[in-house]
S.K.: 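Structure incoming, see below.
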Amino acid sequence: MSLLVVGLSHRTAPVSVLERAALSQDAQIKLLQDTVAAEPAAEAALLATCNRIELYADVDKFHAGVAELSTLLAQHSGVGLDELTPYLYVHYEDRAVHHLFSVACGLDSMVVGEGQVLGQIKDSLALAQDLHSAGRLLNDLFQQSLRVGKRAHSETGIDRAGQSLVTFGLQQLAGGKGTGASVEAWAAGRKALVIGAGSMSSLAAATLARLGVAEIVVANRTPDRAERLAQIINENSENSRYEGSDGDEGGVPSVSARAVPMESVPFELTRADIAVSCTGATGLVLTAEIIAAAVEGRVPADEAGPSPRTGATAATGDVRDARGVLPPTSIGTDDGCPLDLSAVQAGQAVQESAGFSVMGEAAVAGMDAATLEQHAAWVDNGTVDRRDAARRTPDDDRELIAALALTAAALGRIPEQRRPEMPAGVPRPPAVLSLLDLAMPRDVDAAAHRLAGVRLVDIESLAEASADVPMAADVDQVRRIVADEVAAFGAALRAAHITPTVVALRAMAADVVAGEIARLDGRLPGLDEKHRAEITQTVRRVVDKLLHAPTVRVKQLAAEPGGAGYADALRTLFDLDQETVASVSRADNDDDHAENRGRA
């Protein structure tokens, strides 16, 4: 059996593909169950995070294993195999071990050195153990990866090479290249909203509390989890204030936390300065409309900029005008489309209800209703007379745009290739609401990038920003640790491979001793018990001494690269029964499964 990993990550796939391939908890469970049910795989574990999906398996055939795991990933992610394949990577045997150890140390993370991945690996192992899909190989591998990751963080300065995605994301919101102190100055005294109560959201809440925000509101679909997280924040804040108090009036700044239901998120967003969202929702949690309403009236009129509709200052109390200060979306052009949609100009009339978001991707602000109608007609293989469209009233346009939004959502044919950028010379008003979206698929409508007074940092922008993060010198030391640990794990794995053969050899020797003692009893029936025990012990010592050197040496040889053949040689030399060796292996695996069922 051999270790195989098939996966995709932020290093090989665009965010749009990762977002579509994201697996729900139920899908992860079904994927593991189907993997161990497949013929090539005996064990399986899944590492699914916001920027990677990796399926680990113990397979008996490499090519069949790659084909099966790739197919299963495509089936359960909902992304076609032909589309998914160009982004997949495959690691086998020692390379697979090296890859997981590198991931555990933060070397393969979007932000080098982040430690959040250790918790995600632990969760992946716990899930595989709960489903009994992890046997000896994957249990040992994932347990060792956790130890390697902890060693890298404790023995090196890898933490200085990067931060968790939460810290890095907040740094980007604060100014991109600011120091830790500048992030603290930016966050101090602000009101924060945390949407979700999982591990990433909990880390976000703890980070915000440490940075000195004044209030944290936690919203989650399961109220108990939100209450528990808020309680932990309050308790930690009280403890920190008590431990840091030195009698002066200022003391240590404390943060108050409270939990709210998800239905309160739109209202709480109107009070928040910072919002971090990381849920398992399959749809948008914060639409552009909710966000625009949240900043209504909060962008000063003299900073909102001129509206392309009137040339006057936009009234930020209107959702349309929050978008109106920005340029039209770059829609992109499909082959055969009768319109050059990318040529839509900023000065083009913005209709009464323009600026909606389709499926969280296509913000079509800047396109008049007639243009939208012609595009939709082309999508539906129809025609449209723009002279009729020109006679429409604003009320007609509102109904038309709403209908077109439904059409585009159903047909999926108004794509946005990239989020629109501000044109040169058009200043962006200061952000009154900073959004950090760490979910995959995304929680926050990408159209929020266009809203005046809003600053959005999401997985895509984090990936772009992290490319400029310098590599610390400690990274080289971590790489050496990974290389040493991979060699040690491989040696232990190869040594363990020969153990059943050695056990079978000693069992055969014990049977020989028992047979000879029984023959001695038949030849000397009058032998007293004392002498019989002494003879038995002598024979056993002779056998043990004869076997000791060969078995120790064969374990050493088997641990070296290319030592797998020593087990076969031992079986051949001593004429060991293959089924006996296999039964020892099965017994060991059964014991491992029983032992690991209760592990976390």
S.K.: Can any side-chain N or O of Ser102 pair as donor or acceptor with the backbone N or O of Leu107 at less than 3.5 Å?
M.R.: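 Answer holds: no.
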S.K.: For the pair Glu227 and Arg258, evaluate salt bridge (Lys or Arg N to Asp or Glu O under 4.0 Å) and give the outcome as yes or no after the intermediate values.
M.R.: CA-CA 7 Å; Glu227 291 283 356; Arg258 57 188 174 88; over 6 Å; no
S.K.: With sequence neighbours left out, which residue pairs that include part of residues 522-553 fulfil the ring pair (Phe, Tyr, Trp, His ring centres under 6.0 Å) condition?
M.R.: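 For residues 522-553: none.
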S.K.: Can you see whether Thr49 engages Asn51 through a side-chain donor-acceptor pair at a distance of less than 3.5 angstrom?
M.R.: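 There is such a pair (donor and acceptor under 3.5 Å, judged by atom type) between the side chains of Thr49 and Asn51.
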S.K.: Under the 3.5 angstrom rule, does the side chain of Ser461 hit a backbone N or O of Asp458 as a donor-acceptor pair?
M.R.: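 Yes, Ser461 side chain to Asp458 backbone: donor-acceptor pair under 3.5 Å.
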S.K.: Taking all non-hydrogen atoms of both residues, which atom of Ala197 and which atom of Ser202 are closest, and how far apart?
M.R.: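 Heavy atoms of Ala197 and Ser202 come nearest at O-OG, 3.6 Å.
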S.K.: Considering only NZ, NE, NH1 and NH2 on the basic side and carboxylate oxygens on the acidic side, decide whether Asp476 and Arg479 come within less than 4.0 Å.
M.R.: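 Counted as a salt bridge, because a side-chain N and a carboxylate O are separated by less than 4.0 Å.
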S.K.: Strictly by modelled atom types, are Gln144 and Arg147 linked by a side-chain donor-acceptor pair under 3.5 Å?
M.R.: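 Yes, side-chain donor-acceptor contact under 3.5 Å.
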S.K.: If only atom types and distance count, is the side chain of Ser9 paired as donor or acceptor with the main-chain N or O of Arg11 below 3.5 Å?
M.R.: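 Checking the backbone N and O of Arg11 against the side chain of Ser9, a donor-acceptor pair under 3.5 Å is found.
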S.K.: Which residues pass the side chain to side chain donor-acceptor pair (under 3.5 Å) test with Gln116, not counting sequence neighbours?
M.R.: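 For Gln116, no residue satisfies side chain to side chain donor-acceptor pair (under 3.5 Å) once neighbours in sequence are set aside.
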S.K.: Let me see the working for His99 and Glu54 under side-chain hydrogen bond (donor to acceptor under 3.5 Å, both in side chains), right down to the final yes or no.
M.R.: CA-CA 11 Å; His99 175 73; Glu54 296 176 348; 2.6 Å; yes
S.K.: Could you walk me through whether Ile158 and Cys105 satisfy the side-chain contact (heavy atoms from CB on, under 4.5 Å) test, starting with their C-alpha distance in whole Å, then the side-chain angles of each, then the deciding distance to 0.1 Å, before giving a yes or no?
M.R.: CA-CA 8 Å; Ile158 188 67; Cys105 293; 5.9 Å; no
S.K.: Does any non-hydrogen side-chain atom of Ser70 lie less than 4.5 Å from one of Leu81?
M.R.: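 Yes, close enough: below the 4.5 Å cut-off.
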S.K.: If you take all heavy atoms of Pro441 and Ala281, which pair is closest and at what distance?
M.R.: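 Closest pair (atom of Pro441, atom of Ala281, distance): CG-O, 3.9 Å.
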S.K.: Evaluate the side-chain proximity of Val5 to Leu100: yes if any heavy-atom separation is below 4.5 Å, no if none is.
M.R.: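 The answer is no, as the side chains (C-beta and beyond) never meet within the 4.5 Å cut-off.
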S.K.: Is the shortest heavy-atom distance from the side chain of Val194 to the side chain of Val217 under 4.5 Å?
M.R.: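 In short, these two side chains do not touch, never coming nearer than 4.5 Å.
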S.K.: So, for Ala64 and Pro40, which heavy atoms are closest and what is the spacing to 0.1 Å?
M.R.: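 Between these two residues, the closest heavy atoms are O-CG, 3.9 Å.
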S.K.: Can you tell me if Thr156 uses its side chain to pair, donor with acceptor, with the backbone of Gln477 under 3.5 Å?
M.R.: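 A pair under 3.5 Å: no.
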S.K.: Over all heavy atoms of both residues, which pair between Ala104 and Val117 is shortest? Give the atoms and the distance, please.
M.R.: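 So the minimum-distance heavy-atom pair works out to O-CG1, 3.9 Å.
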S.K.: After noting the C-alpha distance and the side-chain angles of Met440 and Val15, does the key distance pass the side-chain contact (heavy atoms from CB on, under 4.5 Å) rule?
M.R.: CA-CA 9 Å; Met440 186 64 69; Val15 173; 3.8 Å; yes
S.K.: Show your working on side-chain contact (heavy atoms from CB on, under 4.5 Å) between Val183 and Leu211 and close with a plain yes or no.
M.R.: CA-CA 7 Å; Val183 177; Leu211 291 174; 3.8 Å; yes
S.K.: So how far is it from Arg442 CZ to Ile459 CD1, rounded to the nearest 0.5 Å?
M.R.: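 The distance works out to 9.5 Å.
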S.K.: Ion pair present between Glu485 and Arg151, side-chain N to carboxylate O less than 4.0 angstrom?
M.R.: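 A salt bridge links Glu485 with Arg151.
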S.K.: What distance separates Leu73 CG from Glu68 CD, expressed to the nearest 0.5 Å?
M.R.: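 Answer rounded to 0.5 Å: 10.5 Å.
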S.K.: Where do Ala13 and Leu18 come nearest, in terms of heavy atoms and distance?
M.R.: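 Of all heavy-atom pairs spanning Ala13 and Leu18, the closest is O-CD1, 4.1 Å.
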S.K.: Could you point out which residue of Leu131, Ile53, Leu47, Leu127 forms a side-chain contact (heavy atoms from CB on, under 4.5 Å) with Gln28?
M.R.: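 Running side-chain contact (heavy atoms from CB on, under 4.5 Å) over Leu131, Ile53, Leu47, Leu127 with Gln28 returns exactly one hit, Leu127.
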S.K.: Which value, rounded to the nearest 0.5 Å, describes the distance between Asp94 atom CG and His98 atom NE2?
M.R.: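 With rounding to 0.5 Å, CG (Asp94) is 10.0 Å from NE2 (His98).
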S.K.: What I want to find out is whether Asp34 reaches Lys30 closely enough, with some N-O distance under 4.0 Å, to be called a salt bridge.
M.R.: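 Salt bridge: yes.
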S.K.: Do Asp443 side-chain atoms and Val285 backbone N/O form a donor-acceptor pair below 3.5 Å?
M.R.: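 No.
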S.K.: Do other residues, nucleotides or ligands put more than 12 heavy atoms under 6.0 Å from the CD atom of Glu39?
M.R.: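 No.
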S.K.: Return the OG1 to CG distance between Thr35 and Leu72, rounded to the nearest 0.5 Å.
M.R.: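 One finds 4.5 Å between OG1 of Thr35 and CG of Leu72.
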S.K.: Does some side-chain heavy atom of Val512 sit less than 4.5 Å from a side-chain heavy atom of Val543?
M.R.: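 They are not in contact (no side-chain heavy atoms under 4.5 Å apart), so the answer is no.
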S.K.: So, Asn234 side chain and Ala257 main chain: donor-acceptor pair closer than 3.5 Å or not?
M.R.: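 Side chain of Asn234 to backbone of Ala257: a pair is present.
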S.K.: Atom CG in Leu524, atom CZ in Arg532: separation rounded to 0.5 Å?
M.R.: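 Between atom CG of Leu524 and atom CZ of Arg532 there are 11.0 Å.
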S.K.: Please indicate whether Arg523 has more than 12 foreign heavy atoms, meaning atoms of other residues, nucleotides or ligands, lying under 6.0 Å from its CZ.
M.R.: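 Result for CZ/Arg523: open.
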S.K.: Please determine whether side-chain contact (heavy atoms from CB on, under 4.5 Å) holds for the pair Met262 and Ile195, giving the CA-CA distance in whole Å, both sets of side-chain angles, and the decisive distance to 0.1 Å.
M.R.: CA-CA 8 Å; Met262 286 294 289; Ile195 306 174; 3.9 Å; yes
S.K.: Decide yes or no for Thr538 and Glu534: does some side-chain heavy atom of the first lie under 4.5 Å from some side-chain heavy atom of the second?
M.R.: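 They are in contact (side-chain heavy atoms under 4.5 Å apart), so the answer is yes.
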S.K.: If you look only at pairs with a residue in residues 62-81, which of them pass as a ring pair (Phe, Tyr, Trp, His ring centres under 6.0 Å), with sequence neighbours excluded?
M.R.: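 For residues 62-81: Phe62-Tyr92.
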S.K.: Which heavy-atom pair separates Ala205 from Ile216 by the least distance, and what is that distance?
M.R.: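 Scanning both residues, the minimum pair turns out to be O-CD1, 3.4 Å.
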S.K.: Are any non-hydrogen side-chain atoms of Leu436 and Leu438 less than 4.5 angstrom apart?
M.R.: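 Of all side-chain heavy-atom pairs linking Leu438 with Leu436, at least one is under 4.5 Å.
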S.K.: Donor-acceptor pair, distance only, cut-off 3.5 Å: does the side chain of Arg52 make one with the backbone of Asp108?
M.R.: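 Yes.
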S.K.: Does any non-hydrogen side-chain atom of Val542 lie less than 4.5 Å from one of Val539?
M.R.: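 Contact flag for Val539/Val542 side chains = no.
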S.K.: Nearest 0.5 angstrom please: Leu46 CG to Leu55 CG, how far?
M.R.: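 Taking CG in Leu46 and CG in Leu55, the distance rounds to 6.0 Å.
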S.K.: Are Ser277 and Asp437 close enough that a side-chain donor and a side-chain acceptor fall under 3.5 Å?
M.R.: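 Asp437 and Ser277 do not have a side-chain donor-acceptor pair below 3.5 Å.
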S.K.: Between Glu43 and Gly135, is there a donor-acceptor pair closer than 3.5 Å when you use the side chain of the first and the backbone of the second?
M.R.: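 Looks like yes, one N/O pair under 3.5 Å.
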S.K.: Tell me if a side-chain donor or acceptor on Ser154 pairs with a main-chain N or O of Lys150 at a distance below 3.5 Å.
M.R.: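 Yes; at least one donor-acceptor contact below 3.5 Å.
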S.K.: Is there a side-chain contact between Val166 and Leu208 (heavy atoms, below 4.5 Å)?
M.R.: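 A side-chain contact is absent here, since even the closest heavy-atom pair is not under 4.5 Å.
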S.K.: Examine distances only and state if a side-chain atom of Ser133 and a backbone atom of Ala44 form a donor-acceptor pair shorter than 3.5 Å.
M.R.: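 Between the backbone of Ala44 and the side chain of Ser133 there is a qualifying donor-acceptor contact (under 3.5 Å).
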